[in-house]
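Reviewing the structure listed below.
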Amino acid sequence: MNTSHSAPPLLEVRALKKHFPVRKGWLGRATGRVHAVDGVSLQVGRGETLSLVGESGCGKSTVGRAILRLFDLTAGEVLIDGQRIDQLPETRLRPLRQKFQVVFQDPFASLNPRMTVRSILAEPVRNFEPSLSAAACEARVLELLDLVRLPRDTADRLPHEFSGGQRQRICIARALASRPQLIICDEAVSALDVSVKAQIVNLLQDLQAELGIGLLFISHDLAIVEHMTHRVAVMYLGRIVEQGTARQVFAAPRHPYTQALLSAAPGSGGTRKRIVLKGDVPSPLDPPPGCHFHTRCPYAFARCRTEAPMLSDKADGQWAACHLDSLNDATAST
Ligand code: SF4
């Protein structure tokens with residue numbers, strides 16, 4: 001985390017909760033609540049990448065969508081550049097949307113198949129810079145193609161004429177059109193082949209170096225994250241269970257869940273002993289009391305079943321939510 005200056009972080013999420021009501025019957029009565037996100041706090045600095053990782057259904061994409069204000073929050077705050085945006089009406093939010101953009105998983109679904117790349121990119125350029133002349137708008141479109149390393153002569157093509165990786169480059173170019181300070185990448189490389197994934201990740205890193213943008217990289221793929229992120233936050237069943245620098249988390253994970261995830265990640269750590277977790281992730285409709293992970297944790301003890309552990313600093317800014325002081329204690333006592 002960049003704390004060397006007093007400016008507010010680019011993105012700050014404070015104690016975010018999002019519970020979705022579950023409705024049944026023709027009257028649509030609420031019969032329960034899905035605890036998709038249950039008190040998540042995080043920060044992203046300028047020019048920094050924070051990766052939010054966890055298994056499918058852990059709530060990481062809901063965090064991204066909450067920041068984008070795709071729905072109202074149950075509780076908590078979202079601040080962009082020090083300004084709260086979670087309660088702003090859309091009219092006041094619109095000018096701020098310029099600062100943060102998103103790239104989703106499926107580039108084909110998010111591009112209009114009947115629009116040329118030129119039109120796809122010109123639309124947001126005109127929206128965010130309405131005073132630009134036609135020539136200046138065209139120059140900006142070509143500049144965006146340069147930024148994502150697509151040839152300028154592809155501007156007249158339609159989305160179906162590109163490969164999956166090239167389409168994701170178009171989505172990134174569109175996200176860059178508003179000159180954002182933050183890009184939320186929601187499983188942005190998950191649908192791509194391994195070699196193409198690496199190319200898109202390299203492109204994002206280059207863009208970050210060139211433009212100083214912050215990235216919130218939401219992914220279930222730990223192997224991809226390891227070499228491209230500054231910091232990592234690991235989510236399990238709606239809560240962050242560990243946060244630290246990439247080096248800290250990948251070299252010495254402090255939470256039993258992170259340990260298990262890393263032991264199963266191909267190419268990550270290499271020599272780690274595989275930890276196979278018992279059972280499935282419990283339903284967010286009825287999360288277990290205490291530590292959400294206690295039903296699967298190999299080190300769980302009585303306190304874990306009743307008391308939710310808070311995130312605490314385990315070593316040099318590496319935070320974990322676990323009642324054990326260290327995994328070494330746990331290993332010694334089993
Ligand atoms: Fe395991 Fe208990 Fe730590 Fe949760 S608090 S991770 S159940 S040891």
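Just so it is clear, the structure is predicted and the values come from calculations on it, not from any experiment.
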I would like to know whether L158 and T116 meet side-chain contact (heavy atoms from CB on, under 4.5 Å); could you show each step before the answer?
CA-CA 5 Å; L158 295 165; T116 63; 4.2 Å; yes
Apply side-chain contact (heavy atoms from CB on, under 4.5 Å) to residues L96 and I80 and explain how you reach the verdict.
CA-CA 8 Å; L96 288 172; I80 298 282; 5.7 Å; no
Are any non-hydrogen side-chain atoms of [X] and [Y] less than 4.5 angstrom apart?
X    : Y    : value
L324 : F301 : yes
S219 : S51  : no
S190 : D221 : no
R174 : I170 : no
Q259 : K273 : no
S119 : N112 : no
C297 : C304 : no
L79  : P8   : no

Run the ring-ring contact (aromatic ring centres under 6.0 Å, His included) test against [X] and tell me which residues pass, sequence neighbours left out.
X    : value
H35  : H19
H220 : none
F71  : F20

Common cluster, [X]/[Y], ILVMFWY with side-chain heavy-atom separation under 4.5 Å:
X    : Y    : value
I240 : L11  : yes
V117 : F128 : no
M228 : I172 : yes
L207 : F217 : yes
V225 : L182 : no

With a 3.5 Å cut-off and no angle check, do the side chains of E161 and Q166 form a donor-acceptor pair?
no
Would you tell me whether R46 and Q181 have side-chain atoms, one donor and one acceptor, within less than 3.5 Å of each other?
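Short answer, no.
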For [Y], does its backbone N or O pair with a side-chain atom of [X] as donor and acceptor, under 3.5 Å?
X    : Y    : answer
Q168 : A188 : yes
R69  : L93  : no
T49  : T229 : no
H255 : C322 : no
K99  : D81  : no
D38  : R239 : no
T31  : V22  : yes
H323 : E307 : yes
Q101 : R97  : yes
K18  : D72  : yes

Atom [atom1] in [X], atom [atom2] in [Y]: separation rounded to 0.5 Å?
X    : Y    : atom1 : atom2 : answer
H294 : H292 : NE2   : NE2   : 10.0 Å
L176 : L144 : CG    : CG    : 6.5 Å
E143 : L121 : CD    : CG    : 11.5 Å
R152 : R118 : CZ    : CZ    : 10.5 Å
I275 : R296 : CD1   : CZ    : 12.0 Å
I67  : I218 : CD1   : CD1   : 6.5 Å

Do other residues, nucleotides or ligands put more than 12 heavy atoms under 6.0 Å from [X] [atom1]?
X    : atom1 : value
R274 : CZ    : yes
R247 : CZ    : no
R92  : CZ    : no
R126 : CZ    : no
D316 : CG    : no

Check Q248, Q318, Q243 against R231 for a side chain to side chain donor-acceptor pair (under 3.5 Å) and give me the one that passes.
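Only one option passes, and that is Q243.
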Mind running side-chain contact (heavy atoms from CB on, under 4.5 Å) on F162 and R169 for me, showing each step along the way?
CA-CA 10 Å; F162 293 87; R169 286 173 193 265; over 6 Å; no
Please set out all donor-acceptor pairs under 3.5 angstrom arising from side-chain atoms of residues 55-64, sequence neighbours excluded.
| residue | atom | partner | partner atom | Å |
| --- | --- | --- | --- | --- |
| E55 | OE1 | Y257 | OH | 2.7 |
| K60 | NZ | G54 | O | 3.0 |
| K60 | NZ | E55 | O | 3.3 |
| S61 | OG | D186 | OD1 | 2.8 |
| S61 | OG | D186 | OD2 | 3.4 |

With sequence neighbours excluded, what pairs up with E12 under the side chain to side chain donor-acceptor pair (under 3.5 Å) test?
R14, Q43
The criterion is side chain to side chain donor-acceptor pair (under 3.5 Å); which residues satisfy it with T74, sequence neighbours excluded?
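Residues passing side chain to side chain donor-acceptor pair (under 3.5 Å) with T74: none at all.
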Taking it one step at a time, do L261 and Y236 satisfy side-chain contact (heavy atoms from CB on, under 4.5 Å)?
CA-CA 11 Å; L261 264 191; Y236 183 80; over 6 Å; no
Salt-bridge contact R254-E242 (side-chain N to carboxylate O under 4.0 Å)
no
